[in-house]
Chemist: 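If you scroll down you'll find the structure; I have some questions about it.
Both backbone and side-chain heavy atoms feed into the values below; hydrogens, waters and symmetry mates do not. In what follows, every chain begins at residue 1, and chains take the letters A, B, ... in the order their sequences are listed.
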2 protein chains.
Amino acid sequence: MSKNLINWLENVLLQGIIITLKAMTSFTEENYLKIIYMLTELNGGNEVSTNELAEHTQTKAASVSDMLRKLAEKNLINYRKYQGVTLTKEGQYIALGVIRKHRLWEVFLVEKLGFGWDEIHDIAEQLEHIDSKELTEKLDKFLGNPQFDPHGDPIPDAKGKMPSMTSCKLSEVPIDQTVVMVGVLVHSPAFLQHLDKNQITLGSTIKIQEISEFDKSYIVLLNNSQSVFISNEVAKNLLVK
Amino acid sequence: MSKNLINWLENVLLQGIIITLKAMTSFTEENYLKIIYMLTELNGGNEVSTNELAEHTQTKAASVSDMLRKLAEKNLINYRKYQGVTLTKEGQYIALGVIRKHRLWEVFLVEKLGFGWDEIHDIAEQLEHIDSKELTEKLDKFLGNPQFDPHGDPIPDAKGKMPSMTSCKLSEVPIDQTVVMVGVLVHSPAFLQHLDKNQITLGSTIKIQEISEFDKSYIVLLNNSQSVFISNEVAKNLLVK
DNA sequence: ATTAATTTTTAGGTTTGTCTAAAAATTTGA
DNA sequence: TCAAATTTTTAGACAAACCTAAAAATTAAT
């Protein structure tokens, strides 16, 4: 009971902080927070370095340093000079809000407007910064409260909670086992178009028939009907269950 | 025939210019162009003054002057110091593109997401700057190529052509005549909510029953069923056909 | 037709987010 | 372990879009 109370209080306070912060968080800052979140995930929770951020923000390390100082002042990141950064609770909340919007818009673009999954990233990068809580929630409802986006990535709920997803790389699955394709680890148009060409989409069943000893490439049975060749590079970037 | 050729050439060239300009036209510049377009319309094609623009951009006259110099350099406006501005052909094209997106998104927000017509302006102000031709055209198709937005304002087509709309103010309609509500001249939430409260919406039929000599207020028959009172202020801002 | 009032522009500054070049800290490796 | 290589930060500048204060042009009024 008292744990519930504390939880509630924490939520209320966080909301208050977030409402204040939101108004003070620019397009650019939102982007940094989003990228820090994603790189931290990739790193397994470890600090993200300045250079890593420079790469992903398409800027120079010096610019990143400036921004990190600023985000730290606003208490959105934990920052010790030369030691990389992680998000604070507030920073994470904002980042998850941006990711939520990005992924919801991606669902809209594919499901409602008929875009291909390889065409939506740049548009969603813009839409993710539209600032209207009501819009986000109505969009979510309109789309049927989807849990995953067109690439299989989980969509956080309005409170920032991610739906759980137990999956592993196809490259980690033993031979002869049948699995379902549930996501991708790389979002480049080239990779996605490659999958399209091989008719591999979310929901496809994949049974591993053969793994080459030479180059670790695969021959798999797709949807119980056709055999296709899959390079190790592809197998490492397919998420299955 | 040769006129067609010239027309085609003009279109191709304009397209070329626009594609180049688009990339160089910022969020803020787009806003100025949109506002100049709308104020010019209101003025019946006359020049828009610096002060007028300052009001509508929520900035100071000095800032407007700066921006006008810049837009003139880019050949987006016709600008003679102290004499106000109008849009060039290229400026108009960009402005109409922004207005097109604004109005299409408004249709989306009302028709698909269930927003009220009094809640959509601020959101559409953000969405109108999303930069993707494919998105705009797919959205247009998804919405069924609407000609008018939820306030009855005409939506320009992809080439910038406005659907024609013959309408007049309710305050100009003679007594006893029956007309159809097709638009509003003011978009403030207060006005729109006032109409909601009186169940006046796009498509309502209105028959003028009585005009008060004292204050020029109206009693009208709404949808052939109920009599409602309408102030002159409201009548002056309702468009009917 | 001048002066007064108003509008518009210019001049000089600020903030945000970027840059290059150079200095400082950390990491690597002989 | 300590010098070299790498990473990160600081210093100083710049462009965009805004500001205030003051100067210039236009418009209005006696």
Side-chain angles (χ1 to χ4, degrees), chain A residues 21-36 39-40 42-43 46-86 91 94-95 98 125-126 128-129 131, chain B residues 21-36 39-40 42-43 46-86 91 94-95 98 125-126 128-129 131:
Chain A
L21 286 173
K22 246 296 165 182
M24 307 175 347
T25 310
S26 71
F27 187 104
T28 311
E29 290 168 335
E30 279 189 6
N31 254 326
Y32 271 90
L33 295 174
K34 180 191 66 176
I35 294 170
I36 292 169
L39 293 177
T40 309
L42 267 183
N43 280 352
N46 283 322
E47 284 79 10
V48 179
S49 75
T50 302
N51 265 354
E52 256 182 296
L53 281 170
E55 259 178 62
H56 287 84
T57 53
Q58 326 255 54
T59 63
K60 297 300 158 72
S63 312
V64 172
S65 273
D66 272 357
M67 183 54 85
L68 294 183
R69 193 183 29 67
K70 197 173 137 191
L71 291 173
E73 264 167 28
K74 292 189 177 189
N75 283 309
L76 298 174
I77 59 174
N78 305 115
Y79 176 41
R80 282 172 24 251
K81 280 180 191 174
Y82 296 97
Q83 307 303 307
V85 294
T86 57
I94 294 176
V98 176
E125 289 278 298
Q126 297 180 63
E128 74 190 7
H129 300 288
D131 180 27
Chain B
L21 286 173
K22 247 298 167 180
M24 307 176 346
T25 310
S26 71
F27 187 104
T28 311
E29 290 168 335
E30 279 189 4
N31 253 326
Y32 271 90
L33 295 174
K34 180 191 65 177
I35 293 170
I36 293 168
L39 293 177
T40 309
L42 267 183
N43 281 351
N46 283 322
E47 285 79 12
V48 179
S49 75
T50 301
N51 265 354
E52 257 182 295
L53 282 170
E55 259 178 62
H56 286 83
T57 52
Q58 326 256 55
T59 64
K60 297 300 158 71
S63 311
V64 173
S65 273
D66 271 358
M67 183 55 84
L68 294 183
R69 192 184 28 67
K70 197 172 137 191
L71 292 173
E73 264 167 29
K74 293 190 177 188
N75 283 308
L76 299 174
I77 60 173
N78 304 116
Y79 176 42
R80 282 172 22 252
K81 279 182 191 173
Y82 297 97
Q83 307 302 305
V85 294
T86 57
I94 294 176
V98 175
E125 289 278 298
Q126 296 180 63
E128 73 190 6
H129 300 289
D131 179 28

Chemist: With distance as the sole test, does B:Lys74 use its side chain to make a donor-acceptor pair with the main-chain N or O of B:Met24 at under 3.5 Å?
Modeler: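 Such a contact is found between B:Lys74 side chain and B:Met24 backbone.
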Chemist: Under 4.0 Å between a side-chain N/O of B:Lys81 and OP1 or OP2 of D:dA25, yes or no?
Modeler: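 Indeed not, no polar side-chain atom of B:Lys81 lies that close.
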Chemist: What's A:Ser65 touching, base or sugar-phosphate or nothing? Going by heavy atoms closer than 4.0 Å.
Modeler: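 The answer is base, as A:Ser65 lies within the cut-off (heavy atoms under 4.0 Å) of a base atom.
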Chemist: Once you round it to whole Å, what is the distance between P of C:dT18 and CD of A:Gln58?
Modeler: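 To the nearest whole Å, that distance equals 11 Å.
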Chemist: Rounded to whole angstroms, how far apart are CG on A:Leu53 and P on D:dT7?
Modeler: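 Going from CG in A:Leu53 over to P in D:dT7 covers 14 Å.
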Chemist: Within the 4.0 Å heavy-atom criterion, would you say A:Phe27 contacts the bases, only the backbone, or no part of the nucleic acid?
Modeler: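 No contact at all - A:Phe27 keeps every heavy atom at 4.0 Å or more from the nucleic acid.
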Chemist: Which nucleotide sits closest to the side chain of B:Tyr82: D:dT10, C:dT9, D:dT20?
Modeler: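 Minimum distance to the B:Tyr82 side chain belongs to C:dT9.
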Chemist: Rounded to the nearest angstrom, tell me the gap between atom CG in A:Asn31 and atom C1' in C:dT16.
Modeler: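 A:Asn31 atom CG is separated from C:dT16 atom C1' by 15 Å.
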Chemist: What's A:Thr59 touching, base or sugar-phosphate or nothing? Going by heavy atoms closer than 4.0 Å.
Modeler: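 Here A:Thr59 touches the backbone only, sparing every base.
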Chemist: What's the closest nucleotide to the A:Tyr32 side chain, out of C:dT18, D:dT8, C:dT9?
Modeler: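 Among the listed nucleotides, the one closest to the side chain of A:Tyr32 is C:dT18.
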Chemist: Answer with base, sugar-phosphate or nothing: what part of the nucleic acid does B:Thr28 contact at a heavy-atom distance below 4.0 Å?
Modeler: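 Answer is sugar-phosphate: B:Thr28 comes under 4.0 Å of backbone atoms only.
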Chemist: Are there over 12 heavy-atom neighbours, none belonging to A:His129, within less than 6.0 Å of that residue's NE2?
Modeler: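 Yes.
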Chemist: At less than 4.0 Å, is any side-chain N or O atom of B:Asn51 found next to OP1 or OP2 of C:dT8? Yes or no.
Modeler: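 So the side chain of B:Asn51 is within the cut-off, an N or O lying under 4.0 Å from OP1 or OP2 of C:dT8.
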